[in-house]
A.B. asks: 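Got a structure for you, written out below as structure tokens; questions coming shortly.
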Amino acid sequence: MSIQKSSELKRITTHRLMEMKHRGEKIAMLTAYDYSMAKIIDNAGIDVILVGDSASNVMAGHETTLPMSLEEMIYHASAVIRAVKRAFVVVDMPFGTYQGNSRLALASAIRIMKESGAHAVKMEGGAEIKESVERVLSAGIPVMGHLGLTPQSIYKFGTYSVRAKEAAEAQKLLEDAQLLEQCGCFGLVVEKIPALLGKKVAELLKIPVIGIGAGPHVDGQVLVVHDMLGITNEFRPRFLRRYADLHTIMTDAFCRYIEDVKNVNFPNELESYE
Ligand code: KIV
């Protein structure tokens, strides 16, 4: 187990992430949406925390990420920022706050940075969001790209299956990745693409490429925290490694609590005041 020492508390920056790529040191990234979870993750020594719009699924119970609002993202991001001492915190720009309108993109990104204290934003897409990416970057806000399976476009794809298996889509992904790097993005997430394509993207770019379902050859990995802890029980894609079975552990704890309350086994004398 690697709980970080106070000597390792030097904050992660975009510069340090770039150095890690060039040293060949893999970058570990996880999502978080609240203070308590973010505190545990940061204390364990994670490099990057993503306040993902996957909050829409795992926190709010929506089927897709599309309903997430800017205010909700700022709420989650503020809670995470209050907990974090070391990690670099990236916040997803929610659906409808940056596509097709670069002025709206800048206004949305500024609100996220000002109101939550986040360190960077993430946007899904390539050439089609170039103007928005450039305008946000022009304000000095670090931007992370996201290509491959981009969940905000789920109704265009029609399925959550692996992207860019065909040559034409793979070629477009490589071109978009290069474009985002040329624009000035500090990093890129690639989701659910063949491992060989993940390797190609990571080799092609100088900026760190973080994969989720993109194989082992990228510069780092990201998972949704509820999935890797086994809190979500039904979601079991091939790329997901479950590091705990909290669904079972939590269900057991809740059942024992209910039983104790019903049987007046809780609280006992030591748990009561005189
Ligand atoms: O919203 C999210 O959690 C994400 C990750 C899956 C990369 O974008």
Side-chain angles (χ1 to χ4, degrees), residues 11-18 27 29-35 37-38 41-42 46-56 59-60 62 64-147 150-153 176-177 179-189 191 207-208 210 222:
R11 270 203 176 274
I12 302 288
T13 59
T14 54
H15 182 72
R16 276 190 80 187
L17 294 172
M18 189 73 99
I27 296 165
M29 173 164 161
L30 279 174
T31 67
Y33 320 97
D34 68 80
Y35 175 86
M37 188 76 87
I41 296 173
D42 187 52
I46 203 79
D47 300 309
V48 184
I49 290 182
L50 172 65
V51 184
D53 59 358
S54 49
S56 182
M59 299 298 287
H62 293 297
T64 72
T65 56
L66 275 67
M68 213 60 191
S69 70
L70 191 58
E71 285 69 27
E72 286 165 334
M73 289 308 298
I74 291 169
Y75 167 81
H76 287 294
S78 309
V80 166
I81 281 289
R82 283 193 283 275
V84 168
K85 291 196 166 63
R86 175 181 177 272
F88 189 74
V89 179
V90 182
V91 180
D92 262 339
M93 292 190 57
F95 178 66
T97 65
Y98 62 95
Q99 296 97 338
N101 184 340
S102 64
R103 288 182 194 280
L104 175 66
L106 178 58
S108 309
I110 287 177
R111 277 201 62 194
I112 290 175
M113 301 297 283
K114 257 186 185 303
E115 295 176 37
S116 75
H119 309 142
V121 297
K122 174 163 84 59
M123 292 185 231
E124 296 182 7
E128 57 287 351
I129 60 155
K130 179 173 181 273
E131 245 185 76
S132 294
V133 169
E134 282 176 337
R135 198 177 281 269
V136 171
L137 282 163
S138 75
I141 299 171
V143 175
M144 181 168 230
H146 184 156
L147 297 171
T150 46
Q152 291 179 13
S153 305
D176 279 343
L179 178 80
L180 291 170
E181 176 171 84
Q182 280 155 15
C183 286
C185 286
F186 75 88
L188 176 69
V189 166
E191 180 165 353
I207 57 171
I210 312 295
V222 56

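Heavy-atom basis, side chains included; hydrogens, waters and symmetry copies ignored. Index from 1, following the sequence.
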A.B. asks: Go through the structure and list residues passing side-chain hydrogen bond (donor to acceptor under 3.5 Å, both in side chains) with H146, not counting sequence neighbours.
C.D. replies: K122, E191

A.B. asks: Rounded to the nearest 0.5 Å, what separation is found between the CD1 atom of I210 and the CG atom of L17?
C.D. replies: 7.0 Å

A.B. asks: With sequence neighbours left out, write down each residue that passes side-chain contact (heavy atoms from CB on, under 4.5 Å) with S78, or none if nothing qualifies.
C.D. replies: I74, R82, S116

A.B. asks: Which atom names give the shortest non-hydrogen contact between G126 and L179, and what distance separates them?
C.D. replies: C-CD2, 4.2 Å

A.B. asks: List the atom of Y35, the atom of A83, and the distance in Å for their closest heavy-atom pair.
C.D. replies: O-CB, 3.3 Å

A.B. asks: Do any N or O atoms from the side chain of D92 and from the backbone of P94 form a donor-acceptor pair under 3.5 angstrom?
C.D. replies: no

A.B. asks: Going by side-chain hydrogen bond (donor to acceptor under 3.5 Å, both in side chains), name the residues that satisfy it together with S56, two or more places apart in sequence or in a different chain.
C.D. replies: none

A.B. asks: Let me check something: any side-chain donor-acceptor pairs from residues 105-115 under 3.5 Å, sequence neighbours excluded? List them with distances.
C.D. replies:
unit_1	atom_1	unit_2	atom_2	d
S108	OG	T97	O	2.8
S108	OG	L104	O	2.7
R111	NE	E115	OE2	2.7
R111	NH1	E71	OE2	2.8
R111	NH2	E115	OE1	3.1

A.B. asks: Among residues at least two apart in sequence or on other chains, which ones pass salt bridge (Lys or Arg N to Asp or Glu O under 4.0 Å) with E128?
C.D. replies: K172

A.B. asks: Identify the two heavy atoms, one from I207 and one from M18, that lie closest to each other, and give their separation to 0.1 Å.
C.D. replies: CG2-CE, 3.7 Å

A.B. asks: What heavy-atom pair brings A55 and M68 nearest, and what distance separates the two atoms?
C.D. replies: CB-CE, 3.7 Å

A.B. asks: Run V90 and F186 through side chain to side chain contact (heavy atoms under 4.5 Å, CB included) and show every step you take.
C.D. replies: CA-CA 11 Å; V90 182; F186 75 88; 4.1 Å; yes

A.B. asks: In sequence, state the C-alpha distance, the side-chain angles, and the governing distance for V189 and M144, and then conclude on side chain to side chain contact (heavy atoms under 4.5 Å, CB included).
C.D. replies: CA-CA 7 Å; V189 166; M144 181 168 230; 4.0 Å; yes

A.B. asks: Which residues pass the side-chain hydrogen bond (donor to acceptor under 3.5 Å, both in side chains) test with E124, not counting sequence neighbours?
C.D. replies: none

A.B. asks: How would you list, by chain and number, every residue that makes a side-chain contact (heavy atoms from CB on, under 4.5 Å) with E134, sequence neighbours excluded?
C.D. replies: K130, C183

A.B. asks: Tell me which pairs pass salt bridge (charged side-chain N to carboxylate O under 4.0 Å, His left out) where either residue lies in residues 46-55, with sequence neighbours left out.
C.D. replies: D47-R86

A.B. asks: Can you run down the ring-ring contact (aromatic ring centres under 6.0 Å, His included) pairs that involve residues 65-84, sequence neighbours left out, and say none if there aren't any?
C.D. replies: none

A.B. asks: If you look at every heavy atom in V84 and A38, which pair is closest and at what distance?
C.D. replies: CG2-CB, 4.3 Å

A.B. asks: Checking T65 now: which residues fulfil side-chain hydrogen bond (donor to acceptor under 3.5 Å, both in side chains) with it, not counting sequence neighbours?
C.D. replies: none

A.B. asks: For a side chain to side chain contact (heavy atoms under 4.5 Å, CB included) check, start with the C-alpha distance between I12 and I27, then their side-chain angles and the critical distance, and finish with the verdict.
C.D. replies: CA-CA 11 Å; I12 302 288; I27 296 165; over 6 Å; no

A.B. asks: My understanding is that only residues two or more places apart in sequence, or in another chain, count here; which of them pass side-chain contact (heavy atoms from CB on, under 4.5 Å) with F95?
C.D. replies: L66, Q99, Q152

A.B. asks: When you look at M123 and V136, which way does the side chain to side chain contact (heavy atoms under 4.5 Å, CB included) test go after all the steps?
C.D. replies: CA-CA 10 Å; M123 292 185 231; V136 171; 3.6 Å; yes

A.B. asks: V51 and A77: which non-hydrogen atoms are nearest, and at how many Å?
C.D. replies: CG1-N, 3.8 Å

A.B. asks: Does I81 have any side-chain contact (heavy atoms from CB on, under 4.5 Å) partners at least two apart in sequence or in another chain, and if so, which?
C.D. replies: V89, H119

A.B. asks: Taking atom CG of L30 and atom CD1 of I49, what is their separation to the nearest 0.5 Å?
C.D. replies: 8.0 Å

